[in-house]
Amino acid sequence: MAGTVAIGEQDFKRMIENNCFYIDKTDFIRAWWESRDMVTLITRPGKFGKTLNMSMLEYFFSVRYVGNGLFDQLFEKRKEQL
């Protein structure tokens with residue numbers, strides 16, 4: 001079960017490590033990658049998770065965070081829910 005509702009939190013790692021309530025949007029990575037678009041414009045009103053999604057992409061693609069296990073934690077939580 002998710003813990004705290006972190007309003008205004010924009011760092012993906014802190015959200016996962018602090019067990020904050022988080023709507024899993026990792027499927028966005030697959031959809032975005034498969035679209036092969038040269039440019040992606042994400043337009044949404046404020047507080048719709050644009051910055052948090054960009055933070056998630058940074059942690060997923062950056063070599064600085066290899067082996068940090070953030071996504072493993074999400075996959076484990078998803079398995080528990082099934």
Side-chain angles (χ1 to χ4, degrees):
M1 181 52 100
T4 308
V5 175
I7 297 173
E9 179 62 69
Q10 298 178 352
D11 186 82
F12 180 73
K13 182 179 179 184
R14 283 195 303 254
M15 292 282 293
I16 302 306
E17 289 180 342
N18 293 329
N19 196 32
C20 296
F21 180 74
Y22 172 72
I23 307 279
D24 187 0
K25 297 180 184 177
T26 53
D27 192 50
F28 169 78
I29 297 170
R30 180 200 52 78
W32 175 71
W33 185 263
E34 289 177 355
S35 73
R36 305 183 126 217
D37 294 333
M38 291 184 70
V39 175
T40 301
L41 176 63
I42 301 172
T43 59
R44 296 285 187 267
K47 303 298 178 201
F48 265 69
K50 296 178 299 291
T51 304
L52 184 56
N53 272 343
M54 295 308 295
S55 176
M56 176 185 64
L57 287 172
E58 177 186 7
Y59 282 103
F60 188 82
F61 284 109
S62 178
V63 296
R64 290 185 293 170
Y65 306 112
V66 170
N68 65 11
L70 289 176
F71 293 92
D72 295 337
Q73 292 176 35
L74 287 176
F75 297 142
E76 289 300 318
K77 286 179 184 180
R78 188 177 295 163
K79 279 188 216 176
E80 291 172 6
Q81 294 172 353
L82 295 176

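Atom CE of M56 is separated from atom CE of M54 by 9.5 Å, given to the nearest 0.5 angstrom. Between E9 atom CD and C20 atom SG the span is 6.5 Å, to the nearest 0.5 Å. The distance from atom CD of E17 to atom CG of D11, rounded to the nearest 0.5 Å, is 8.5 Å. Remark: M15 CE to I23 CD1 distance equals 9.0 Å, nearest 0.5 Å.
Inter-residue side-chain proximity for N68 and K13 is flagged as unmet; no heavy-atom pair is nearer than 4.5 Å. Side-chain contact between I42 and T40: present, with at least one pair of heavy atoms (C-beta onward) separated by less than 4.5 Å. In this structure, the side chains of L57 and F12 stay at 4.5 Å or more apart for every pair of heavy atoms. In this structure, the side chains of N53 and K50 stay at 4.5 Å or more apart for every pair of heavy atoms.
Using a 30° and 60° split on the angle between ring planes, F71 and F60 fall in the perpendicular class, above 60°.
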>> Please determine whether ring pair (Phe, Tyr, Trp, His ring centres under 6.0 Å) holds for the pair W33 and F61, giving the CA-CA distance in whole Å, both sets of side-chain angles, and the decisive distance to 0.1 Å.
In response: CA-CA 11 Å; W33 185 263; F61 284 109; 5.5 Å; yes
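A donor-acceptor pair is defined here as one N or O able to donate and one able to accept, closer than 3.5 Å; no such pair exists between the side chain of S62 and the backbone of Y59.
Between Q10 and S55 the shortest heavy-atom distance is O-CB, 3.4 Å.
Other residues, nucleotides and ligands contribute over 12 non-hydrogen atoms within 6.0 Å of the OH atom of Y65.
L52 and F48 are not part of a single hydrophobic cluster, where members link through side-chain heavy atoms under 4.5 Å apart.
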